[in-house]
Amino acid sequence: MLEKTYDSAAVEPKIARKWDEADAFRAGANAKPDAETFTIVIPPPNVTGSLHMGHALNNTLQDILVRFERMRGKDVLWQPGMDHAGIATQMVVERKLMEQQLPGRREMGREAFIDKIWEWKEESGGLIFNQLKRLGASCDWSRERFTMDEGLSAAVLEVFVTLYKEGLIYKDKRLVNWDPKLLTAISDMEVEQIEVKGNLWHLRYPLEEGVTYQHPVAFDEEGKATEFETRDYLVVATTRPETLLGDTGVAVNPEDERYKSIVGKHVILPIVGRRIPIVADDYADPTAGTGAVKMTPAHDFNDFEVGKRTGLRRINILNIDATITIKDNEDFLEGLDDPEALHGAWDELEGKDRFEARKIVVRIMEEAGLLDAIEPHKHMVPHGDRGGVPIEPRLTEQWWVDNKTLAQPAIASVREGRTKFVPKSWENTYFQWMENIQPWCISRQLWWGHQIPAWYGPDGQVFVEKTEEEALQAAIQHYLSHEGPMKALVEDLLENFKPGEILTRDEDVLETWFSSALWPFSTLGWPDQTPELERYYPTNVLVTGFDIIPFWVVRMMQMGMHFMKDADGNPVEPFHTVYIHALVRDKNGQKMSKSKGNVIDPLELIDQYGADATRFTLAAMAAQGRDIKLATSRVEGYRNFVTKLWNAARFLEMNECFRVEGFDPKATTLPLNRWIIGATARGAAAVTKGIEDFKFNEAANAAYDFVWGTFCDWYVEFAKPVFMGENEAAKAETRATAAWALDQILAILHPFMPFVTEELWAETGKTGPARENLLILGQWPDLAGLEDAKADAELSWLIDVISNARSVRSEMNVPASAKLSLVVVGASETTLARLVAGTSLITRLARLEDITPQATAPANSAQFVVGEATWALPLADFIDLAVEKARLSKEVDKLNAEISQIDKKLGNEQFVAKAPEEVIEEQKARRQAAVERRDHILEALKRLS
RNA sequence: GGGAGUAUAGCUCAGCGGGAGAGCAUUCGCUUCACACGCGAAGGGUCACAAGUUCAAUCCUUGUUACUCCCA
């Protein structure tokens with residue numbers, strides 16, 4: 001006997017163990033012979049990660065697809081794995097060392113630190129997998145991969161070396177986003193623009209000796225200058241005054257009348273004393289600030305470009321940690337004549353943090369009378385998304401991927417429909433991103449990650465090979481074949497060769513996304529040509545959030561199409577469908593974040609409501625193209641659904657609805673059973689279509705409506721009198737049908753609610769023929785051809801009569817306990833025939849005494865119309881004539897409104913001429929039905945007065 | 001500044017060129033022999049605003065307003 005309520009906390013671990021013991025998640029489990037494959041690679045969570053709502057949604061949707069296809073008999077692989085998460089992991093372990101007051105990473109050195117990270121990974125990494133298992137994710141855990149494991153590292157080496165030799169990876173000195181906290185370059189995508197309240201400081205830059213210009217100070221109504229003053233200085237506006245130290249020019253717009261006369265002249269840079277030119281460039285916006293912009297080409301992306309166009313010097317004035325370096329900075333000192341007078345200021349600034357230096361620069365300028373104005377200013381400041389501090393553009397040598405070249409096949413694939421986004425609107429975003437793609441900076445000044453396979457010779461010559469051995473061979477060959485001092489040096493070194501003497505390895509590692517870009521094929525064994533690679537690549541669908549389209553999706557497409565080729569050498573996409581799901585927000589539509597305190601922890605939901613309710617909620621709310629605003633009341637509602645299902649099964653169990661060997665739904669005879677069988681088929685088809693179309697909400701709602709609204713609310717109620725009756729044949733058929741229908745229900749709900757359905761599958765398996773398999777390895781219902789229109793019509797008539805009778809009772813305030821007689825007037829043969837079998841059901845569900853056909857309705861009756869017949873409830877004791885009249889009149893009004901609306905349409909010649917025939921017919925039919933119904937009610941009304 | 005999206009019941013959201021829907025919430029009634037995490041019933045919407053296309057617009061087009069997101 002089943003318990004009264006379902007105890008998810010007790011059942012879930014038990015079911016998880018069963019799946020595990022049956023090896024049910026293994027690739028190919030339940031596959032039919034010659035089955036097609038269905039492959040999904042999991043978006044690898046960070047090794048440092050823990051489950052949040054986004055993961056819960058992402059993995060629920062994948063698991064629904066995977067369980068669905070597994071039940072359909074496909075050869076399913078859901079490939080799990082984790083990402084080594086370079087910066088994040090390094091930060092976690094560094095923090096841990098600090099907490100334990102152990103030596104920092106620099107003290108312990110690279111090798112020891114990396115060992116520490118591996119240690120940490122073994123102990124506390126991958127927590128998220130246990131959490132995913134609690135959610136029910138049926139990944140093939142035996143195939144778990146890690147972006148730093150041996151095989152994936154081999155894939156990284158192969159890709160890096162190949163792309164380098166093809167010229168698609170190169171080293172370049174450019175401005176990069178530099179994180180002064182983490183001391184590494186980061187990619188554009190890791191930069192977050194955050195609005196900051198700052199100031200716009202207006203600074204005076206004196207023009208060099210003898211130079212002046214006329215600056216407008218008053219204007220007429222049309223904005224024309226009417227008065228000028230003679231100035232021997234320029235005013236520039238800046239949000240970062242400390243960068244003044246690295247200024248090498250001032251830019252004005254070539255069309256700007258104010259400054260035309262001084263283009264090509266010079267200013268003397270305050271504090272520094274450098275003579276720097278005034279240049280003309282379109283970048284300067286005459287309407288912004290003062291129209292004159294200070295240029296710091298080594299510390300600003302725009303200035304860098306302007307500087308390139310106008311030939312300005314680049315002077316770096318910041319250390320890697322964004323402290324000021326000028327005193328021993330050759331770059332800075334070059335070109336300065338006699339700076340002694342300024343040494344005081346330099347001493348003060350040297351070594352100061354950039355924000356400290358900002359204050360000092362402002363103070364010095366103010367003291368010198370060169371601070372014109374301070375204007376409060378809100379602006380966007382780029383921040384590193386990991387370190388959380390403002391980034392500094394910094395001129396460094398880094399490794400780059402030629403993204404533009406790799407993007408072309410990936411763009412074509414989407415254009416030509418070989419890769420589809422669902423919903424399609426994301427394709428726009430994709431194109432927008434791909435067509436403006438920038439070179440991708442892949443080197444990071446970190447220790448945790450794939451170290452770049454590049455070695456440098458004594459003269460800095462670079463050798464990129466998969467191993468040091470190969471690099472050394474390449475180096476020797478290179479040096480010995482070129483005459484010159486290097487040849488002698490290398491020959492000499494080779495005499496007493498010690499490793500490391502000729503070559504030194506590049507210290508940098510690759511950014512995390514580089515290895516995840518290879519995920520769809522590296523996890524299958526590439527670069528080895530494994531059977532898995534052959535069988536499961538390309539994958540079928542990628543399920544992910546839109547926020548990582550540029551980080552991950554496009555890069556997988558680029559790499560996949562570059563490295564994976566079919567027999568004819570054509571690129572093979574890593575997947576053909578990209579399903580982009582929503583962001584999970586809180587119930588007010590706010591992004592969940594720790595700082596706002598509005599985070600809903602999926603594990604707490606699972607604890608409180610169960611994994612099934614949590615999953616079902618996410619699926620039911622996953623409408624395409626819309627964010628999910630999650631309220632726990634919804635989860636509670638679906639928890640109730642789980643209980644409802646449980647109790648329906650419990651009811652069937654109590655009534656001995658056991659499965660029958662060889663039950664054939666087509667052979668049933670009772671309309672009740674033929675109807676529920678057809679309805680089950682429709683329900684299953686709707687769920688199937690929903691999942692196939694990635695409309696998870698439609699699938700979930702179809703299942704919910706059918707199970708609760710049809711099976712529980714009507715079928716089970718109809719079955720009760722049968723179970724309590726004397727007709728043994730009817731009882732047997734209904735029991736068998738009910739058991740069959742529950743089996744189908746468990747199957748169609750399984751992808752959404754795997755635990756409770758698996759548990760009920762086991763419980764219901766205790767009677768009747770033995771189950772062949774766990775439900776996870778069961779069969780997806782394919783029930784086409786089981787519908788019976790006659791049974792459907794009969795049952796919907798029954799439901800109609802009962803609903804109407806209930807409604808009238810309720811509206812007339814008839815006490816629930818009162819049992820009434822129902823009179824049917826004007827009943828056709830069909831109705832009378834239906835009543836033979838239906839009377840017991842109607843009386844039971846509408847709480848009636850009996851039903852009798854009569855020629856006329858009794859006086860003081862409440863009446864309703866179903867089909868051709870009028871039904872009357874004699875309510876002598878309860879009826880309030882006025883209330884009943886009002887109720888019927890209201891319905892007449894409604895029908896009249898509908899009729900006149902249709903008449904208006906049908907009276908319109910244009911409509912009759914142009915509308916399709918079936919639309920006109922439909923309107924006529926609707927009018928007919930409304931008129932008949934109205935007339936019946938009018939008659940009923942007449943009888944009342 | 002550029003781009004995208006959204007606007008439908010109190011809330012959260014489906015839907016759709018031809019009859020306005022669900023869940024939750026609300027109200028009323030119910031110890032109806034699975035389930036109160038339940039059963040039955042009810043109320044509630046100018047489908048943001050304006051114009052256009054159409055025989056017909058909540059739906060298509062354009063504009064406006066508001067909100068959200070992405071990029072700069």
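Chain identifiers are assigned alphabetically (A, B, ...) following the order of the sequence lines, protein sequences preceding nucleic acid strands; residue numbering begins at 1 within each chain. The figures here come from the full heavy-atom set of this structure, side chains too, leaving out hydrogens, waters and symmetry mates.
Judged by the 6.0 Å and 45° rule, A:R555 forms a cation-pi pair with A:W440. A cation-pi arrangement is not found for A:K766 relative to A:F658, the charged atom failing to lie both closer than 6.0 Å to the ring centre and inside a 45° cone about the ring normal.
Counting to the nearest Å, the C1' atom of B:C33 and the CZ atom of A:F718 are 18 Å from each other. Between the CZ atom of A:F723 and the P atom of B:A34 there is a distance of 11 Å, rounded to whole Å. Rounded to an integer number of Å, the gap from CG of A:N655 to P of B:A34 is 7 Å. Here the P atom of nucleotide B:A56 and the CG atom of A:L906 are 15 Å apart, to the nearest Å. Rounded to whole angstrom, the span from the CZ atom of A:F421 across to the P atom of B:A4 amounts to 17 Å. Going from atom CE of A:M434 over to atom C1' of B:C71 covers 16 Å, rounded to whole Å. As a whole-Å value, the separation of A:Y715 OH from B:A34 P is 15 Å. Rounded to whole Å, atom P of B:C24 lies 8 Å from atom OH of A:Y638.
Here the nucleotide nearest the side chain of A:F911, chosen from B:C37, B:A34, B:G18, is B:G18. For A:K4, whose side chain is taken as the heavy atoms from C-beta onward, the closest listed nucleotide among B:C69, B:U12, B:A36 is B:A36. Of the candidates B:G19, B:A34, B:C55, the closest approach to any side-chain atom of A:K905 belongs to B:G19. For A:K914, taking side-chain heavy atoms from C-beta onward, the closest of the listed nucleotides B:C55, B:A36, B:A14 is B:C55. Listed nucleotides: B:U32, B:G19, B:U12. Nearest to the side chain of A:E898: B:G19.
With hydrogens and angles ignored, the 3.5 Å screen pairs no side-chain donor or acceptor of A:N697 with any backbone N or O of A:A620. Not a single donor-acceptor pair under 3.5 Å links the side chain of A:N655 to the backbone N or O of A:C657.
As the counterpart of B:U27, B:A41 is assigned, both hydrogen-bonding distances of the Watson-Crick or G-U wobble pattern falling under 3.5 Å. The nucleotide B:A14 finds no pairing partner, because no Watson-Crick or G-U wobble arrangement with both distances shorter than 3.5 Å includes it. Pair check for B:C33 finds none; no Watson-Crick or G-U wobble contact set falls under 3.5 Å. Both distances falling under 3.5 Å, in either a Watson-Crick or a G-U wobble arrangement, occur for no nucleotide opposite B:G19. Across all strands shown, B:C60 forms a Watson-Crick or G-U wobble pair with B:G52, both key distances being under 3.5 Å. Using the Watson-Crick or G-U wobble rule with both distances under 3.5 Å, B:A66 pairs with B:U6.
Taking atom C1' in both B:A66 and B:G29, one finds a spacing of 42 Å when rounded to whole Å. Nucleotides B:A4 and B:C11 place their P atoms 29 Å apart, quoted to the nearest Å. Here, B:C71 and B:A51 have their C1' atoms 32 Å apart, quoted to the whole Å. Straight-line distance between the P atoms of B:A9 and B:C59: roughly 15 Å, to the nearest whole Å. With both ends at atom C1', the span from B:A50 to B:A22 equals 31 Å, rounded to whole Å. Distance check on atom P: B:U6 versus B:C39 gives 35 Å, rounded to whole Å. Comparing the same atom, P, in B:C49 and in B:U65 gives a spacing of 16 Å after rounding to whole Å. Spacing between B:U61 and B:A57 at atom C1', rounded to whole Å, works out to 11 Å.
Aromatic ring centres of A:F718 and A:W714 lie closer together than 6.0 Å. For A:Y609 and A:Y638, the ring centers are positioned 6.0 Å apart or more. With ring centers used as reference points, A:Y715 lies 6.0 Å or more from A:F706. For A:W426 and A:F421, the gap between ring centers reaches or exceeds 6.0 Å.
When heavy atoms are screened at a 4.0 angstrom cut-off, A:V716 is found touching base atoms of the nucleic acid. The residue A:K720 sits close to a base: some heavy atom pair falls under 4.0 Å. At the heavy-atom level, A:A648 lies under 4.0 Å from base atoms of the strands shown. Among the atoms of the strands shown, none is found under 4.0 Å from any heavy atom of A:R809.
The neighbour count for A:K731 NZ, taken as heavy atoms of other residues, nucleotides or ligands under 6.0 Å away, is above 12.
In the interface, the side chain of A:R650 is not paired with the base of B:C35 through any donor and acceptor atom under 3.5 Å apart.
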Q) What string of B, S and - do you get for nucleotides 38-45 of chain B, 5' to 3', if B is base contact, S is sugar-phosphate-only contact and - is no contact with any protein heavy atom under 4.0 Å? A) SSSSSS--
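In this pair, A:Y704 and A:W708 present their aromatic rings tilted. The plane angle is within the 30 to 60° band.
Between A:M654 and A:Q910, it is A:M654 whose nearest contact on RNA chain B lies nearer the 5' terminus. Comparing A:L652 and A:T5, the nucleotide of RNA chain B nearest to each residue sits closer to the 5' end for A:L652.
Contact annotation: A:R926 reaches the phosphate of B:G19 (side-chain N/O to OP1 or OP2, under 4.0 Å).
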